[in-house]
**Student:** 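One structure, as structure tokens, below. Some questions next.
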Amino acid sequence: MMDLARLRNIGISAHIDSGKTTLSERVLFYAGRIHRMQEVHGDRSEGATMDHMDLERERGITITSAATTVNWNGTTINLIDTPGHVDFTVEVERSLRVLDGAVLVLCAVGGVQAQSLTIDRQMQRYHVPRLAFINKMDRTGADPLKVARQLREKLACDAVLMQIPIGREADFRGIVDLVSRKALYFDGDFGEQVRVEEVPPELEEDAARARQHMLEALSLFSDELLEMLLSEEEVPDDLVHKVVKAAVLGQQLTPVFLGSAYRNKGVQPLLDAVDRYLPSPLDREYHALACDDPDRRLPLATDPEKPTVAMAFKIAEDPYGALTFMRIYQGKFVKGGTYYNQRTGRKERFSRIVRMHADTREELDEACAGDIVAVLGVDCASGDTYASEFGYCTLQNMFVPEPVIKMAIEPLERTGVDRLAKALQRFRREDPTLHIESDEETGETIISGMGELHLEIYVERIRREYKVGVRVGRPKVNYREAPTQRAEFNIRHKKQTGGAGQFAHIVGRLDVLPEENEEVFLFEDKVVGGRIPKQYIPAVEKGFRGELKKGPVAGFPVVGLHVTLEDGSYHDVDSSEMAFKTCAKTAMRETFGYTRPVLLEPVMKIEIECPGQFQGSVVGDLTARRGMVMGTEMDGANARIEGEVPLAETFGYSTDLRSMTQGQGTFSLEFARYRRLPPSIEKEVIAERKKLAAVGAV
């Protein structure tokens, strides 16, 4: 049985193009998992091991998270390489939901970028301890001190450098370990030989100063270490390691390491740090919610002898069938054993359990608490809890962001209808952020997602994997409708049809939810004295909720609505749940217009990097797109521009940016918030919707 104290479940996460997949490739190589390294931007037929999809290798980006297992100095490391592009952020979300620790990768030049902030929020949401790795130390403009400062300022974390570089940029040769006070060089064709030497004389003073700074930072977490510093005693290495591990586990400290994965430098010390500082499953505390009482938290023990509890966090299909990736929190999986889906009650037999290495697999007879494995042939949804008995408990689900963009899709030929439906059904199961719906009026199939690239990738996968030619409409923005003032309602629903009639009467008001309230809809029951029987109140809420999908302004979903039910009346014979539900629907349709609703549009955080000479034209173009510049910063010869821009103005922006910057500009987008649409554009959108509705195309 696996020694759980020697197990690490970690993820590698970063802003796009920070070198995560290149780092993962080096980890696999140095741990002996592969015998030849491939590059992300290398031969398309080969590509990096963890980017096993053809599209990933062609585009040089990670689209889906990939799992593997390596062994480092007797420690088993379950490693998940996650995408950096914001469109695939759910892959990071669900990976961090089940991991015990993580490595946050940062570019030595770019530092803390837009997606770094999102990943930081995700790590905090799931209380994931982490290390930071400043990659690309060989790049012109590399500045680890600046990046460490950004970690402290932008992410509000106590980031402490554990190493300093030997040389900078093209002259980057190795690192000085501040704990052991030794210089580390990486020799051999692939940096596989770590040479340990004394610190170079010219760096002795810098290393001593940096070590003192490290120890002073660590003294905040240890009275023993503080006393040794005050009495000017020598601090032993073992005490430093002990303090760092405890502070990392408490999410109080982010140790920072340096290197260049592409140049094969600094990866082995990072693996040593993963082994030494990141928690094992035994170090983390996990809880589930009891099925009979959702407010009661059940502590989970990493014990193979206790009842099994596991989460299905990712669903994927490969040529050999459906794969469900699971994290086991308690108990164990046994090949041929049966386990219950806590959401559906369905009993499933786990006939095949495998450990994944990118797209290859290793068969297992059993897997124990703390492990991450894949099970074949299980029918479930992402986030489902499995246990050895039904009604035992459920695990808190992961956060899934709402899609912000949509487009219509249809097959070019009628023969492709079934294959398209099959493809969409599969992708919807795999990706919770991909929404599929049918437009009731036009019969069109609408796909919604996190961005242009997100939908573009799925369209391409449908063409390649299902051999279906498809036609897609222009991307459309998911606008929202929101009230701007209070409106009161007093609606009576009365219908007599010979037999039992229908009667319902509700009184209340529609209000605007405060902007800081993240809820889309809030229903409040303030009926007193039994004026409306309690059994009818949920039907009233259901009636209002049913009308949120299509608002009266332009048929977009309604958000930011607070409904307060204050009074009403009922009939002993003619009142029913259906009558009150219908009454609420009528109240919503007749009253919402009096709240003076407006359209809201999704606004994106944008971060642009381009040569300094193009900064003026890029900023001017961003302003012309109704964007706001929040800040600019020069990184050597490059300018970094941060701002906000409406999603509707970003379609095709990559082409325009390349034209403005002679192909040298890059940008990243991330959803920020919904904001009121300017009245002139609102009129255009409403007129367009009415025009489309008139011809039956909306």
Side-chain angles (χ1 to χ4, degrees), residues 4-14 72-73 75 77 96 99-106 112 116 119-134 144-145 147-164 175-181 207 209-231 233-259 266 269-286 302:
L4 292 177
R6 304 292 290 167
L7 174 65
R8 303 288 180 271
N9 293 314
I10 70 161
I12 295 183
S13 304
W72 183 254
N73 294 339
T75 295
I77 301 174
L96 290 175
L99 292 170
D100 300 316
V103 176
L104 175 64
V105 182
L106 301 153
V112 175
S116 311
I119 292 163
D120 174 65
R121 284 197 300 272
Q122 291 169 325
M123 288 179 176
Q124 290 186 27
R125 184 180 293 135
Y126 302 117
H127 310 292
V128 180
R130 65 177 175 212
L131 313 176
F133 181 68
I134 299 177
L145 292 176
V147 179
R149 187 172 64 251
Q150 288 179 347
L151 274 169
R152 287 188 285 270
E153 293 172 358
K154 293 188 176 183
L155 303 189
C157 71
D158 203 341
V160 176
L161 282 167
M162 307 297 287
Q163 302 165 338
I164 61 170
I175 54 177
V176 174
D177 181 351
L178 298 178
V179 181
S180 65
R181 286 165 288 183
R209 194 183 306 114
R211 175 180 164 84
Q212 185 65 20
H213 181 271
M214 176 192 74
L215 293 175
E216 287 171 2
L218 294 179
S219 68
L220 296 173
F221 310 106
S222 168
D223 292 340
E224 183 183 355
L225 198 152
L226 177 61
E227 287 173 14
M228 296 184 82
L229 276 182
L230 292 173
S231 58
E233 293 179 51
E234 189 63 38
V235 179
D237 294 357
D238 288 347
L239 178 59
V240 174
H241 295 318
K242 178 184 170 185
V243 172
V244 172
K245 177 159 187 176
V248 168
L249 184 57
Q251 288 183 273
Q252 299 168 296
L253 179 74
T254 301
V256 182
F257 300 85
L258 313 175
L270 176 66
L271 280 169
D272 290 337
V274 166
D275 179 18
R276 190 174 278 141
Y277 303 135
L278 287 183
S280 74
L282 297 173
D283 297 323
R284 294 289 306 271
E285 290 183 4
Y286 290 105
T302 313

**Student:** Do the side chains of Cys157 and Arg130 get nearer than 4.5 Å, heavy atoms only?
**Tutor:**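 Answer yes - side chains close enough.
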**Student:** Please report the shortest heavy-atom distance between Tyr277 and Val248, naming the atom on each side.
**Tutor:**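 Heavy-atom minimum between the residues: O-CG1, 3.9 Å.
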**Student:** Within the 3.5 Å criterion, strictly below it, is a donor on Ser231 or Glu233 matched to an acceptor on the partner's side chain?
**Tutor:**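 Glu233 and Ser231 do have a side-chain donor-acceptor pair below 3.5 Å.
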**Student:** Would you mind checking if Asp120 and Lys154 are paired as a salt bridge, meaning a charged N to carboxylate O distance below 4.0 Å?
**Tutor:**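 Salt bridge absent between Lys154 and Asp120.
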**Student:** Hey, what do you get for CE (Met214) to CD1 (Ile164), rounding to the nearest 0.5 Å?
**Tutor:**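 Taking CE in Met214 and CD1 in Ile164, the distance rounds to 11.0 Å.
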**Student:** Any heavy-atom pair between the side chains of Ser280 and Leu4 that's under 4.5 Å?
**Tutor:**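 In short, these two side chains do not touch, never coming nearer than 4.5 Å.
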**Student:** Measure the CZ-CG distance between Arg6 and Asp275 for me, rounded to the nearest 0.5 Å.
**Tutor:**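 Going from CZ on Arg6 over to CG on Asp275, the span is 5.0 Å.
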**Student:** Other residues, nucleotides and ligands only: do more than 12 of their heavy atoms fall within 6.0 Å of CD on Glu285?
**Tutor:**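 No, the 6.0 Å shell around CD holds no more than 12 heavy atoms from other groups.
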**Student:** Could you give the distance from CG (Asp283) to CG (Leu278), rounded to the nearest 0.5 Å?
**Tutor:**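 With rounding to 0.5 Å, CG (Asp283) is 10.0 Å from CG (Leu278).
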**Student:** Mind listing the closest non-hydrogen atom pair of Phe257 and Ala273 along with its distance?
**Tutor:**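 The answer is CZ-CB, 3.4 Å.
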**Student:** Are any non-hydrogen side-chain atoms of Leu7 and Asn9 less than 4.5 angstrom apart?
**Tutor:**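 The answer is yes, as the side chains (C-beta and beyond) meet within the 4.5 Å cut-off.
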**Student:** Locate the shortest heavy-atom distance separating Gln150 from Val112; write the atom from each residue and the value.
**Tutor:**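 Closest approach of Gln150 to Val112, heavy atoms only: OE1-N, 2.8 Å.
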**Student:** At what distance, to the nearest 0.5 angstrom, does CE of Met123 lie from CD of Gln251?
**Tutor:**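 CD of Gln251 is found 10.0 Å from CE of Met123.
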**Student:** Please step through side chain to side chain contact (heavy atoms under 4.5 Å, CB included) for the pair Val244 and Val179, ending with a clear verdict.
**Tutor:** CA-CA 11 Å; Val244 172; Val179 181; over 6 Å; no
**Student:** Roughly how far apart are Lys245 NZ and Arg276 CZ, rounded to 0.5 Å?
**Tutor:**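 Reported value, rounded in 0.5 Å steps: 10.5 Å.
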**Student:** So which heavy atom on Leu96 is nearest to which on Ile119, and how close?
**Tutor:**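 Minimum heavy-atom contact is CD1-O, 4.4 Å.
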**Student:** Identify whether the distance between the nearest side-chain nitrogen and carboxylate oxygen of Arg209 and Glu216 falls below 4.0 Å.
**Tutor:**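 The answer is no: the pair does not qualify as a salt bridge.
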**Student:** Taking Gln163 as the fixed residue, which of Leu258, Leu270, Val256 is the one that meets the side chain to side chain contact (heavy atoms under 4.5 Å, CB included) rule?
**Tutor:**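 With Gln163 as partner, Leu258, Leu270, Val256 yield a single side chain to side chain contact (heavy atoms under 4.5 Å, CB included), made by Leu258.
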**Student:** Working note: Leu218 + Leu253, criterion side chain to side chain contact (heavy atoms under 4.5 Å, CB included); need CA distance, chi angles, decisive distance, verdict.
**Tutor:** CA-CA 9 Å; Leu218 294 179; Leu253 179 74; 3.6 Å; yes
**Student:** Does any non-hydrogen side-chain atom of Asp272 lie less than 4.5 Å from one of Trp72?
**Tutor:**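 With C-beta onward as the side chain, the pair touches.
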**Student:** Out of curiosity, Thr254 OG1 to Asp158 CG, how far, rounded to the nearest 0.5 Å?
**Tutor:**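 That separation rounds to 7.5 Å.
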**Student:** If we only count heavy atoms from C-beta on, is the Arg284 to Leu249 side-chain gap below 4.5 Å?
**Tutor:**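 In contact.
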**Student:** Do the side chains of Asp177 and Pro269 get nearer than 4.5 Å, heavy atoms only?
**Tutor:**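 Answer no - side chains too far apart.
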**Student:** For Leu239 and Met228: C-alpha separation, side-chain torsions, deciding distance, then whether side chain to side chain contact (heavy atoms under 4.5 Å, CB included) applies.
**Tutor:** CA-CA 11 Å; Leu239 178 59; Met228 296 184 82; 3.6 Å; yes
**Student:** Quick check: does any side chain N or O of Arg8 sit under 3.5 Å from a backbone N or O of Ile77, one acting as donor and the other as acceptor?
**Tutor:**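 Absent.
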**Student:** Testing the basics here: between Asp100 and Pro129, what is the closest heavy-atom pair and its distance to 0.1 Å?
**Tutor:**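 That closest heavy-atom pairing would be O-CD, 3.2 Å.
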**Student:** What are the two closest non-hydrogen atoms of Leu178 and Leu161, and how far apart are they?
**Tutor:**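 Between these two residues, the closest heavy atoms are CD1-O, 3.5 Å.
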**Student:** Is there a side-chain contact between Leu225 and Ser219, using heavy atoms and a 4.5 Å cut-off?
**Tutor:**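 Yes, side chains in contact.
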**Student:** Might you confirm whether atom NE2 of His213 has over 12 heavy atoms from other residues, nucleotides or ligands at distances under 6.0 Å?
**Tutor:**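 Count not over threshold, so no.
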